[in-house]
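The structure appears below as structure tokens.
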Amino acid sequence: MFQIFEKLNKLIVEWLQKPIKEYENRSPFNLRDLESVMQPGDIILVDGNQRVSSAIKYLTQSTWSHAAFYLGKNNKFSQKFGTDAILIESDLKDGVIAVPLSKYEKFNTRICRPAGLSDLEKEKVIEFMIDSIGLDYDRKNIIDLMRYLLPQPPVPIRFRRRMLALGSGTPSKVICSTLIAKAFQSISYQILPVIQKEKKLKEVSYRGVKHSQYIEKEYYHIRHYSLFVPRDFDLSPFFSTIKPTIEKGFNYKELPIKGFE
């Protein structure tokens, strides 16, 4: 029975990884553009072209179906991974692996960068990701994969995100965005916390007379890493969006644009 399930898993994975014909690359960025602005610790979001990508984008109501962690280029990890620009990602077939940035040169992408990290904190996140290489993708059973079989599964909006939380839940089984979220949460870095407002009574003094007033305070509660999807890094108020065109010094007056005819 186990062998049957394994074979079915393999067949489903192969089907899900097949590219869709109608994919359109609208990104003007080439590999050199991406390498010139990306820094170790950045997240690159990808608008994938596989069948599974369509389902993920539908379930998360987002443009982005995949997230990968940028390890960098020509740094102290080059001896292990090579001198190319390297990403760490979780692949449906191969689990957590290191791949070249060039893999996504022809895709629509977005760069998200965490703000305010010290060199030590960034190093800890990088080490977490490197230590995760070799872990399996979360495909423990067929049910985990069947949620992606329909590009647009007939699921109410309020339940779509929850479908992505299905899975084995074991530490050695990860998906792309949850692994990255777990890496940042390992240093208590927030992505999209739950914000809860509470009112507290405070006593103040005005011209010798004491008064009581309510003050509102926001409390940030950490979400479990398994609940994060690729678009959360784009929506996060704690990650900035990096666009190579802007970083290189964009001047709209220099664009060779003709008028309407």
Side-chain angles (χ1 to χ4, degrees), residues 19 23-50 53 57 62-134 175-177 179-181 183-184 187 189 191 230-236 238-252 254-256:
Y23 182 80
E24 182 179 0
N25 176 20
R26 298 184 179 182
S27 175
F29 309 136
N30 56 39
L31 182 60
R32 184 175 298 178
D33 291 333
L34 295 174
E35 288 182 351
S36 66
V37 300
M38 292 192 71
Q39 299 177 5
D42 285 352
I43 311 301
I44 184 168
L45 305 180
V46 183
D47 175 17
N49 70 336
Q50 298 176 338
S53 305
K57 286 186 282 187
S62 170
T63 302
W64 314 113
S65 64
H66 184 63
F69 183 88
Y70 186 60
L71 187 59
K73 179 181 181 180
N74 293 325
N75 51 34
K76 68 177 185 179
F77 308 107
S78 298
Q79 185 175 358
K80 183 176 182 180
F81 299 103
T83 57
D84 292 336
I86 296 297
L87 298 170
I88 297 177
E89 67 174 11
S90 183
D91 179 76
L92 184 61
K93 180 181 179 181
D94 300 316
V96 183
I97 54 176
V99 298
L101 178 62
S102 57
K103 177 179 179 179
Y104 297 115
E105 182 181 7
K106 303 300 181 181
F107 289 79
N108 300 313
T109 58
R110 174 160 295 171
I111 303 168
C112 296
R113 179 170 298 162
L117 286 184
S118 66
D119 292 339
L120 179 59
E121 290 170 330
K122 187 180 294 185
E123 193 73 20
K124 288 182 178 179
V125 175
I126 291 174
E127 289 177 357
F128 186 101
M129 292 298 298
I130 291 177
D131 291 342
S132 300
I133 292 176
I175 63 174
C176 60
S177 52
L179 172 64
I180 297 173
F184 279 99
I187 60 167
Y189 192 89
I191 300 169
R231 78 165 186 173
D232 290 334
F233 296 99
D234 189 13
L235 297 177
S236 173
F238 312 124
F239 282 76
S240 59
T241 300
I242 309 299
K243 298 185 177 181
T245 305
I246 307 299
E247 297 296 316
K248 290 191 300 183
F250 171 69
N251 183 355
Y252 79 95
E254 296 178 354
L255 293 177

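Side chains included, hydrogens not; waters and symmetry mates left out as well; all remaining heavy atoms used.
Considering only heavy atoms from C-beta on, Leu34 comes within 4.5 Å of Leu101 through its side chain. Considering only heavy atoms from C-beta on, Leu117 comes within 4.5 Å of Ile187 through its side chain. Under the 4.5 Å side-chain criterion, counting only non-hydrogen atoms from C-beta, Ile180 is in contact with Phe233.
When the shell of 6.0 Å around NZ of Lys122 is examined, it contains more than 12 heavy atoms from other residues, nucleotides or ligands. Within a 6.0 Å sphere centred on NZ of Lys103, other residues, nucleotides and ligands contribute more than 12 heavy atoms.
Note that OH of Tyr70 and CD1 of Ile88 are 12.0 Å apart. Values are rounded to the nearest 0.5 Å. Atoms CD and CG, from Glu89 and Asp94 in turn, are 9.0 Å apart once rounded to the nearest 0.5 Å. Within the model, atoms CD1 of Ile126 and CG of Asp119 stand 9.5 Å from one another, a figure rounded to the nearest 0.5 Å. Separation of atoms CD1 (Ile242) and CD1 (Ile43) is listed at 12.0 Å; rounding is to 0.5 Å. Distance check, rounded to the nearest 0.5 Å: CD1 of Ile191 to CZ of Phe239 gives 5.0 Å. Interatomic distance, Leu71 CG to Ile130 CD1, rounded to the nearest 0.5 Å: 5.0 Å.
What you find for Ser118 and Glu121 is that their closest heavy atoms are N-OE1, 3.0 Å. The nearest pair of heavy atoms linking Ala67 to Cys176 is O-CB, 3.4 Å. Nearest heavy-atom pair, Ser78 versus Asn74, reported as atom, atom and distance to 0.1 Å: OG-CA, 3.1 Å.
Proximity of the aromatic rings of Phe69 and Phe128 is defined here by a centroid distance below 6.0 angstrom, and this criterion is not met.
The aromatic rings of Phe184 and Tyr189 sit tilted, their planes meeting at an angle between 30° and 60°.
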Do Met129 and Leu179 pass the side chain to side chain contact (heavy atoms under 4.5 Å, CB included) test, and can you show the C-alpha distance, the side-chain angles, and the key distance before you say yes or no?
-> CA-CA 8 Å; Met129 292 298 298; Leu179 172 64; 3.8 Å; yes
Verify side chain to side chain contact (heavy atoms under 4.5 Å, CB included) between Leu87 and Ile44, making sure each step is shown before the conclusion.
-> CA-CA 9 Å; Leu87 298 170; Ile44 184 168; 3.7 Å; yes
Asp47/Trp64 under side chain to side chain contact (heavy atoms under 4.5 Å, CB included): CA gap, chis, key distance, verdict = CA-CA 5 Å; Asp47 175 17; Trp64 314 113; 4.0 Å; yes
Apply side-chain hydrogen bond (donor to acceptor under 3.5 Å, both in side chains) to the pair Ser102 and Glu105, showing each step before the final yes or no.
-> CA-CA 5 Å; Ser102 57; Glu105 182 181 7; 5.9 Å; no
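The main-chain N or O of Gly48 is found under 3.5 Å from a side-chain atom of Ser65 such that the two form a donor-acceptor pair.
Every residue meeting the side-chain contact (heavy atoms from CB on, under 4.5 Å) condition with Thr241, not counting sequence neighbours, appears here in chain and number order: Arg110, Asp234, Lys243.
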Cut-off 3.5 Å, no hydrogens considered: what does the side-chain donor-acceptor table look like for residues 35-42, sequence neighbours left out?
{"residue": "Glu35", "atom": "OE1", "partner": "Lys73", "partner atom": "NZ", "Å": "3.1"}
{"residue": "Ser36", "atom": "OG", "partner": "Arg32", "partner atom": "O", "Å": "3.4"}
{"residue": "Ser36", "atom": "OG", "partner": "Asp33", "partner atom": "O", "Å": "2.7"}
{"residue": "Asp42", "atom": "OD1", "partner": "Arg113", "partner atom": "NE", "Å": "2.9"}
{"residue": "Asp42", "atom": "OD2", "partner": "Gln39", "partner atom": "N", "Å": "2.8"}
{"residue": "Asp42", "atom": "OD2", "partner": "Arg113", "partner atom": "NE", "Å": "3.3"}
{"residue": "Asp42", "atom": "OD2", "partner": "Arg113", "partner atom": "NH2", "Å": "2.8"}

